[in-house]
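In what follows, a single structure is set out as structure tokens and then discussed.
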Amino acid sequence: MKQIKLVVLLILLSVFNKTYADDGSKLWLNYKPLENAELKESYAQLFEDVYLAGEDETIQAISEELKTGLSCMLENNVTISSKWNMQSLVIGTPSGSEQIAALKIDKQLEKLGNDGYIIASKKIDKKNVIVVASKSNIGALYGTFHLLRLIKTESNFENINIEESPKHQHRVLNHWDNLNRTVERGFAGSSIWDWHKLPGYIYPQYIEYARANASIGINGTVLTNVNANALVLTDTYIEKAAALANVFRPYGIKIYLTARFSAPIEIGGLKTADPLDEDVKQFWKETADRIYKQIPDFGGFLVKADSEGQPGPHNYKRTQAEGANMLAEALKPHGGLVMWRAFVYNHEVPVDRALQAYNEFVPLDGKFHDNVIVQVKNGAIDFQPREPYHPLFGAMPNTPLMMEFQITQEYLGHAIHLTYLAPLYKETLETDTYIKGEGSTVAKILDGSIHNYPVTAIAGVANIGTDRNWTGHLFGQANWYAFGRLAWNHNLSAENIAAEWAKMTFSNKTAVVNPVVEMMMASREMGVSYRTPIGLHHIMAESHHYGPGPWVTGRRPDWTAVYYHQASETGIGFDRTTKGSNAVSQYPEKIKEQYNSTETCPEKFLLWFHHLPWDYKMNSGRTLWDEMVYKYYTGADSVVWMQEKWNSVEKHIDFERFNHVKQLLEMQKNDAIEWRNSCVLYFQQFSKMPIPSEFEKPEKPLEYYQNKKRLFVPGI
Ligand code: GCW
């Protein structure tokens with residue numbers, strides 16, 4: 001008995017010891033001491049004394065960050081002073097410091113804009129210094145975070161000469177957070193905004209949120225769900241939002257709210273929300289005035305209209321431009337922006353859903369006011385594991401368009417599956433539209449260089465919640481991180497961002513970085529393979545969208561699976577060629593030709609654009625059926641490969657984070673097998689072809705998978 005007690009005690013002790021190691025709550029800003037002692041020593045000397053010029057709240061934030069960052073990573077006593085005293089690290093702006101002004105870098109900084117900065121080796125009063133300088137204090141904050149990142153990732157500071165400026169003016173998170181703290185498609189707990197306690201109580205997490213975002217250059221946040229509640233526009237809620245705006249301001253983050261189109265009726269006491277009605281216009285003007293009174297730097301409105309039951313201008317037979325412009329007029333005197341979503345589709349319209357946004361918006365090109373930007377999802381359906389780029393990109397030269405990516409993994413395994421999204425983002429950003437000759441990538445349309453857009457922006461639907469590690473899955477943090485880094489600079493590679501994140505999050509050791517990066521880089525493709533290979537899409541379970549549901553039918557057709565895969569005995573795939581729904585014709589000629597022919601259509605999009613017989617010959621020499629089965633099986637198998645990679649880092653990282661990911665990978669493996677078996681068995685009913693003998697047969701019959709119910713899945 002005594003012995004048993006001792007064993008239990010020992011187990012408990014070891015669990016506790018390990019449990020407190022790291023819960024991931026500090027994100028990539030966990031400033032642990034550098035592992036490389038020599039480097040730590042040399043950095044400690046380099047970054048002992050800091051001259052930080054200026055004195056507003058942003059400068060205060062820089063000071064706090066440096067104090068924590070430097071002293072924790074370098075284990076030294078850093079001194080920070082606002083007086084020049086021959087320090088070796090100099091941070092600030094020319095307008096805030098004589099010494100920085102004397103460097104004569106004004107022109108260079110001017111070119112980099114308000115948010116841009118330099119980090120460079122310079123001489124001040126004959127002393128060798130490292131300067132982090134910007135036109136603005138916010139730029140200096142961004143530069144400081146960059147400097148801390150360079151330290152954390154053990155970079156070389158000799159003759160350093162870095163120039164940075166963001167590719168998009170507005171780099172924004174979209175929270176689909178409801179006022180009751182549920183989060184639509186949120187899988188990491190509740191909403192971090194505690195509306196009930198606002199404005200009185202400010203959680204430390206709000207500041208941590210601001211720091212984390214500023215560290216990757218995010219400068220805007222839409223607090224509320226696009227399926228909006230008009231109440232957020234009442235004074236009570238504006239006051240709460242203002243409290244958040246005050247917290248975020250020193251970090252350069254503006255807040256935005258979602259505007260429910262029918263708010264004039266719901267909270268304004270009007271009978272209509274017709275955008276051409278004078279009372280309605282007046283309502284929105286007054287609403288904007290009320291908001292700006294409390295939040296002078298309010299960013300503007302994000303609007304979902306005429307989509308999935310949301311009210312909009314269609315209710316009054318008005319166009320999307322008329323709706324957006326009415327709001328834009330209300331915001332204009334205050335400098336606010338309308339982000340108007342192009343996610344407009346209707347199941348009563350009998351055309352392919354993929355065509356609808358383009359049909360609606362292209363005729364309106366040039367008709368939007370100059371403080372409207374149209375927010376377009378990366379693909380024409382809905383954040384699927386893989387979609388070809390949205391044909392609106394390139395088709396609206398006279399209307400600024402912004403990208404909407406999804407960071408929360410609605411269709412990619414929620415916060416349970418490890419899926420690194422940078423490869424997905426990059427795939428879209430790097431697609432060449434040829435709209436103005438070769439090299440007219442989607443990224444260049446977004447950053448304004450193709451059509452000279454006066455406003456540029458990019459949004460990501462946040463994956464953040466109250467879970468201790470913020471994103472549910474530790475690797476979900478990498479998606480938040482990668483979104484921010486790409487919003488800043490779309491030229492960064494997915495792989496470099498992954499390595500950077502891995503170093504900041506875990507360790508600089510190659511025995512950690514290499515396997516982690518390999519897993520991350522392979523993860524999205526494997527997620528596609530075990531769910532929707534070869535261009536399949538929208539075959540997930542109803543409502544929660546987590547597991548497989550290729551059999552989903554019997555509701556509005558554009559929310560079923562059968563509408564999209566069109567499987568029958570003769571074949572599978574959605575014919576969007578010129579002989580089918582003709583969605584290919586929405587693309588520029590060169591792309592259209594490419595997608596329209598099975599000869600040239602990339603196989604990854606084959607069934608997106610073509611309906612093909614089961615024995616169609618693929619590039620591999622396999623039949624379409626065999627190829628599909630092959631993808632499903634190898635996709636699911638690769639989760640096991642990922643597990644092996646992860647096991648290899650066990651001895652190099654803390655138990656808590658190791659075990660967290662390990663458990664989730666086991667769930668992912670089982671889910672991947674469920675996806676594989678469900679889809680293969682379901683489609684086999686049509687193909688009537690065997691599963692190649694090299695693969696084990698599914699253990700259970702199709703009905704087993706069809707009957708599997710998941711209840712109370714979060715995020716709905
Ligand atoms: O992806 C779909 C989601 C909805 C979401 C909608 C949208 C906020 O299933 O939950 O609603 O898209 O983007 O508006």
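Every number for a ligand or one of its atoms is a count from 1 in the order of the listing.
- Atom 10 (O) of ligand 1 has Glu184 OE2, 2.4 Å as its closest protein atom, hydrogens excluded (heavy atom only).
- Exactly one residue among Val376, Ile450, Thr456, Leu392 makes a side-chain contact (heavy atoms from CB on, under 4.5 Å) with Ile445. That residue is Ile450.
- When the heavy-atom distances from atom 12 (O) of ligand 1 to Arg341, Arg185, Lys377 are ranked, the shortest goes to Lys377.
- Contacts between Tyr411 and ligand 1 below 4.0 angstrom, taking non-hydrogen atoms only, involve the side chain exclusively.
- Scanning all protein heavy atoms for the shortest distance to atom 2 (C) of ligand 1 gives Asp382 OD2, 2.9 Å.
- Atom 14 (O) of ligand 1 has as its closest protein heavy atom Lys304 NZ, 2.6 Å.
- Residue, atom and distance of the protein heavy atom nearest to atom 8 (C) of ligand 1 are Asn227 ND2, 3.3 Å.
- Shortest contact from atom 9 (O) of ligand 1 to any protein heavy atom: Glu410 OE2, 2.5 Å.
- Annotation: cation-pi geometry not satisfied between Arg318 and Tyr316 (NZ/CZ under 6.0 angstrom from ring centroid, within 45° of ring axis).
- Relative to the six-membered ring of Trp675, Arg531 meets both conditions, a distance below 6.0 Å and an angle of at most 45° to the axis.
- Because its NZ or CZ atom is not both nearer than 6.0 Å to the ring centre of Tyr530 and within 45° of the ring axis, Arg676 does not count as a cation-pi partner of that residue.
- Geometrically, Lys240 engages Tyr237 in a cation-pi contact, judged by NZ or CZ lying under 6.0 Å from the ring centre and within 45° of the ring axis.
- With salt bridges taken as basic N to acidic carboxylate O contacts below 4.0 Å, one links Asp671 and Arg710.
- Geometrically, Arg576 engages Trp608 in a cation-pi contact defined by less than 6.0 Å to the ring centre and at most 45° from the axis.
- Listed by number with element, the atoms of ligand 1 under 4.0 angstrom from any heavy atom of Phe343 are 6 (C), 7 (C), 12 (O), 13 (O), 14 (O).
- In this structure, atom 6 (C) of ligand 1 lies nearest to the protein heavy atom Glu308 OE1, 3.2 Å.
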